[in-house]
Visitor: 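Structure below; questions to follow.
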Amino acid sequence: MAKYIAKRVALAIVTLLVLTSVVFVLVRLMPGDPFSSDKMTPEIKANLEAYYGLDKPLAEQYITYMKNVLHGDLGYSMKYESQTVNRIIADSFPYSADLGIRSLCFALFFGLILGIVAALNRGKKLDFVCILIAIIGTSIPDFIMGSVLQYFFGIKWQILPVAQYTSFKHTILPSIAVGFYTLASISRLMRSSMLEVVSSDYTKTARAKGLSDFRITFKHQIRNAITPIITIMGPTVASVLTGTFVIEALFAIPGMGKHYVDSINMADYTLVLGMTIFYGAFLIVSILIVDILYGIVDPRIRLSGKKTKTMESISRPNIGYWQDAWRRIRKNKIAFFSLCLIGLYVLMAIFVPMFSKYDIATQSVAEMNQSFSKAHWFGTDSLGRDLWVRAWSGARVSLTIGFAASIINAIVGSIMGGISGFYGGKIDMVIQRVVDVLYGIPSLIVTILLMVVVGNGVHCLILAMCCVGWIGGCRFVRGEVLKLRESDFVSAAKILGVPDIVIIVKHILPNIMGLIITNLTMAIPGAIFQEAFLSYIGLGIKPPNCSWGVLAKDGIAQLRIHPYQVFVPAFLICTTMLALNLLGDGLRDAFDPKLRGTE
């Protein structure tokens, strides 16, 4: 166990060093100048650059900064006068930490309960209700959830406050907004894990011995089903903490998220660096703790470095397999309806902007803030622009980014994971060490910094999202290939002298293609949400172009007076993510070999 902990600690240190180096370079590549001002003379600017060391060579700046970081000194802010980065973090982090802890406790408590209740009542009304809550939760971005909660509970019903963070009542809405997505994810994962445990041999043995249902559930089932929840706690902490960025701005909470976004917009190099390193260190330590806990809970992790699992190989003709999957999709009415809805949205995104008499940029003072009408089916915005054509033009951008980024990540992740899992040895070790290091770096933060460096636009956004987005697919595909490479049909192909590339393409790939497609379908909502989030904080698509994130940002500004302007993009985002989640569930069942022949 000591060797396992030492290995994880060493990897965490390497990850933090890589994060610091990467962020240092990205920050120096950021466009703009922290001291650019019409009122600033060249002499004052030169003095400031000398004070912050910006007049020295980049390598010398890096060495100096690393020495200061090792002594715990993150430097002075370039925009907040006489304020150290350490002081800004010390003042703002307690708010972010408090919000994150409350959100995480809310998500864990209710997520575990919903997952357990759903699994113990499989096929009943309670199961359906819990699944519905989980699916809705994973289909609503946090900033839209926050806006909806503000409108109904704060503005319309005036039950809870919608701003500041001074009492328990002020914490309720932002905690729900941040934690609801995590609650839904934990609920779905706990239900799946519990369903496997409920039908296990030791559960049947416990019942045969006459143990009560209460004792079986709490002593045997929950204890074994909780392991996957522990596994995802590291990334979950990361998602909850970075999820506070927008919510802090939305609810006027003086946390780190607000300072972080402001520091990027103001080109405050030292504050961007300091906060990114702090965020990264916090998340890396969280993942380290989870890894150690997982090593304690599951001894197989520390003994072999990976989970071992037996699997019965099922060999069926490829044509029959795909035909059977398509038959299952058509029989699953919810999944098939979701597929049709996604197809309809794609067609609308293609043709509505082409044939509409309005365009996305035409303004009309006489038609500002008009509600739904025959002339404007979705109304108009604060500049008199038609929201019908802007909504479907935004769909074109958001869907393009979501599908393109997810497909590229799936391809890269499948190639890297397939090579790593099939060949093993040194190749596997090198690829997995790279993946482990990248996995510890907050992907959203890296994406934000890359967007600042490479600029705005669809292609830049896709590029930024793909830099680290392939890691999850790589880990997943590697695990599946590790199971298949020792199977009988692969061993037989090797004995017959079949080349490795043929074995991968004709034997292994068809057996995992269904799972890859399923995960791809479930990754697209995340990519759409990330685009909406980046556009919302001003780092995505720039006017006059629009996306669903841009429309949501503009609509939230009019929430109190014209709420329909935020409900239009919110409805499109939520229904798209809901349809993709439901389609993903249907594909997972359709491609599951254990369910074939059961209907």
Side-chain angles (χ1 to χ4, degrees), residues 118-119 122-123 127-128 130-139 184-185 187-189 191-192 195-196 311-350 395 398-400 402-411 413-414 472-473 476-477 480 484 505-529 572-599:
R122 184 178 186 179
D127 185 24
F128 176 77
C130 293
I131 291 175
L132 184 63
I133 293 173
I135 291 176
I136 292 174
T138 55
S139 303
S185 301
S187 172
R188 296 181 73 179
L189 183 59
R191 178 182 180 273
S192 300
L195 287 176
E196 291 184 7
M311 175 181 177
E312 179 183 358
S313 298
I314 300 175
S315 180
R316 295 181 183 270
N318 289 338
I319 296 178
Y321 175 80
W322 292 102
Q323 285 181 339
D324 184 65
W326 175 240
R327 179 183 63 84
R328 287 179 176 279
I329 288 294
R330 286 184 298 173
K331 290 187 68 174
N332 187 329
K333 295 181 180 179
I334 295 178
F336 189 71
F337 175 78
S338 300
L339 179 62
C340 294
L341 181 62
I342 295 167
L344 176 63
Y345 279 10
V346 170
L347 292 175
M348 296 292 283
I350 294 172
S398 295
L399 293 176
T400 298
F403 278 92
S406 300
I407 291 172
I408 293 172
N409 285 333
I411 293 173
S414 298
F476 165 76
V477 171
E480 295 301 316
L484 289 173
V505 173
K506 293 192 67 176
H507 297 283
I508 292 181
L509 189 59
N511 280 277
I512 64 173
M513 183 57 73
L515 295 173
I516 293 174
I517 293 175
T518 301
N519 279 271
L520 170 64
T521 308
M522 292 183 169
I524 294 172
I528 293 175
F529 162 73
L572 292 174
I573 293 174
C574 294
T575 51
T576 301
M577 297 180 75
L578 178 62
L580 286 166
N581 280 318
L582 292 172
L583 178 60
D585 289 341
L587 288 172
R588 182 185 58 204
D589 293 340
F591 289 124
D592 189 349
K594 293 180 290 185
L595 297 178
R596 296 189 67 190
T598 59
E599 297 179 358

Visitor: Does the pair Thr576 and Leu399 meet the rule for a side chain to side chain contact (heavy atoms under 4.5 Å, CB included), with working shown?
Guide: CA-CA 9 Å; Thr576 301; Leu399 293 176; 4.0 Å; yes

Visitor: Testing the basics here: between Ile524 and Ser406, what is the closest heavy-atom pair and its distance to 0.1 Å?
Guide: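 Closest pair (atom of Ile524, atom of Ser406, distance): CA-OG, 3.3 Å.
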
Visitor: Closest approach of Ala184 and Ile133, non-hydrogen atoms and distance?
Guide: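 Of all heavy-atom pairs spanning Ala184 and Ile133, the closest is CB-O, 4.4 Å.
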
Visitor: What closest approach, in Å, do Arg191 and Ala119 show between heavy atoms, and which atom pair accounts for it?
Guide: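 Here Arg191 and Ala119 meet closest at O-CB, 3.9 Å.
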
Visitor: Using the rule given for side chain to side chain contact (heavy atoms under 4.5 Å, CB included), can you reason through Tyr345 versus Ile350, listing the C-alpha separation, both sets of side-chain angles and the distance that settles it, and then say yes or no?
Guide: CA-CA 9 Å; Tyr345 279 10; Ile350 294 172; over 6 Å; no

Visitor: Strictly distance-based, threshold 3.5 Å: is any side-chain N or O of Thr575 a donor or acceptor partner for the main-chain N or O of Leu572?
Guide: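 A pair under 3.5 Å: yes.
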
Visitor: Rounded to the nearest 0.5 Å, how far apart are CD1 of Ile573 and CG of Leu578?
Guide: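 It comes to 13.5 Å.
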
Visitor: Tell me if the CD1 atom of Ile334 is crowded by more than 12 foreign heavy atoms within 6.0 Å.
Guide: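 Check fails, neighbour count at 12 or below.
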
Visitor: Provide the closest heavy-atom pair for Ala579 versus Ser338 in the form atom of the first, atom of the second, distance.
Guide: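 Closest pair (atom of Ala579, atom of Ser338, distance): O-CB, 3.2 Å.
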
Visitor: Drop me the distance from Leu341's CG to Leu580's CG, to the nearest 0.5 angstrom.
Guide: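 With rounding to 0.5 Å, CG (Leu341) is 9.0 Å from CG (Leu580).
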
Visitor: Enter the distance from Ile342:CD1 to Phe403:CZ here, rounded to the nearest 0.5 Å.
Guide: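 The distance works out to 6.0 Å.
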
